[in-house]
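Just below is one structure, and these are the notes that go with it.
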Amino acid sequence: MAESTAVADSSCETLIVAIDGPSGVGKSTVAKALAQLLEVPFLDTGAMYRSVALAVMEGRIDPANREAVERLASGLDLQLAPRPGSDGLALEVLLDGETVEERIRTPEVGALTSIISVYPAVRQRLVELQREAGRTFGAVVEGRDIGTRVFPQTPHKFFLDADPRVRAERRQRQLAEHGTERELDEVLGKMVERDRRDSQREHSPLTHDASYQLIDTTRLTTDEVIERLRRAVAEVAVRDR
Ligand code: DC
């Protein structure tokens, strides 16, 4: 496959593609498909922050208690395990050796996640795990700070954005697929609040710089976005060869 010649993150020898952007923009769908095309695993870093939030919730820890949350996060048994699926290879988050995929997708966990993800020690722990997995396997990595903080050296950085209402509709559909029905206005309100927190936090806020390629997905189909990314990765590979 042509894309396997794509240049690696210069800090390591594996191919890293960073996909950042706000919630509901379609990062997961696109990142999964791109990972399959590039024959590297897909890593959803949001799932890692959600897993810490789940542990906070299940441990009945006050999310506002930074010290308690940071202590919990540093001792958590969190692993990223390669799992082949019908849509390619994913680095699955295991909490205490168990899958959390269904339990982390509730709006409650989502709201808690944006509170605990501002804590520096929580971020540090997860960033280390992400870098280690990236170095080992290579990956298409989606999140909020992948190109700015986790893998700043990679030449493959994309920032996806879309109209908030369109993103809320996509998120509403995603929740419904996981069995949770919510009103659009409620989803939109929570999303705007989460975006505000993610963008304004002190440590690793959601942002991008000139090293990113910006893609507004409001009027693009999923396939169009995937094709743009695939082509951009291949072009960088040719340019840097
Ligand atoms: O992508 P998502 O909606 O599953 O992310 C859940 C939350 O995790 C979101 O509020 C921001 C946070 N997050 C983060 O702070 N940094 C990342 N790299 C990924 C997610």
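Remember, it's 1-based here, ligands and their atoms both numbered in the order they're listed.
Under the 4.5 Å side-chain heavy-atom criterion for grouping Ile, Leu, Val, Met, Phe, Trp and Tyr, Leu54 is not connected to Leu94 through any hydrophobic cluster.
With a heavy-atom cut-off of 4.0 Å, Arg194 touches ligand 1 through its side chain alone. Contacts of Arg201 with ligand 1, taken as heavy-atom pairs under 4.0 Å, involve the side chain alone. Contact annotation for Arg123 and ligand 1: only side-chain heavy atoms (C-beta onward) come within less than 4.0 Å of the ligand.
Here's the thing with Glu142: none of its N/O atoms is less than 3.5 angstrom from an N/O atom of ligand 1.
Near Arg50, the atoms of ligand 1 lying under 4.0 angstrom from a non-hydrogen atom of the residue are 2 (P), 3 (O), 4 (O), 6 (C). Near Ser114, with a cut-off below 4.0 Å to any heavy atom, the atoms of ligand 1 are 10 (O). Close approach of ligand 1 to Ser117 (heavy-atom distance below 4.0 Å) involves ligand atoms 12 (C), 15 (O). Heavy-atom proximity to Tyr49, at under 4.0 Å, picks out these atoms of ligand 1: 8 (O), 13 (N), 14 (C), 16 (N), 17 (C), 18 (N), 19 (C), 20 (C). Each of the following atoms of ligand 1 lies closer than 4.0 Å to a heavy atom of Arg171: 3 (O). Using a 4.0 Å cut-off to heavy atoms of Gly143, the atoms of ligand 1 that qualify are 18 (N), 19 (C).
Using a 4.5 Å cut-off on side-chain heavy atoms (C-beta onward), Leu38 and Val17 make contact.
Ion pairing of Arg131 with Glu128 is absent here, as no side-chain N (NZ or NE/NH1/NH2) approaches a carboxylate O to less than 4.0 Å. The existence of a salt bridge linking Asp209 and Arg149 is excluded, since no basic side-chain nitrogen approaches an acidic carboxylate oxygen closer than 4.0 Å.
Between Phe159 and His208, the two ring planes are tilted [angle within 30° to 60°].
Enclosure of atom CZ in Arg83 by more than 12 non-hydrogen atoms of other residues, nucleotides or ligands within 6.0 angstrom is indicated.
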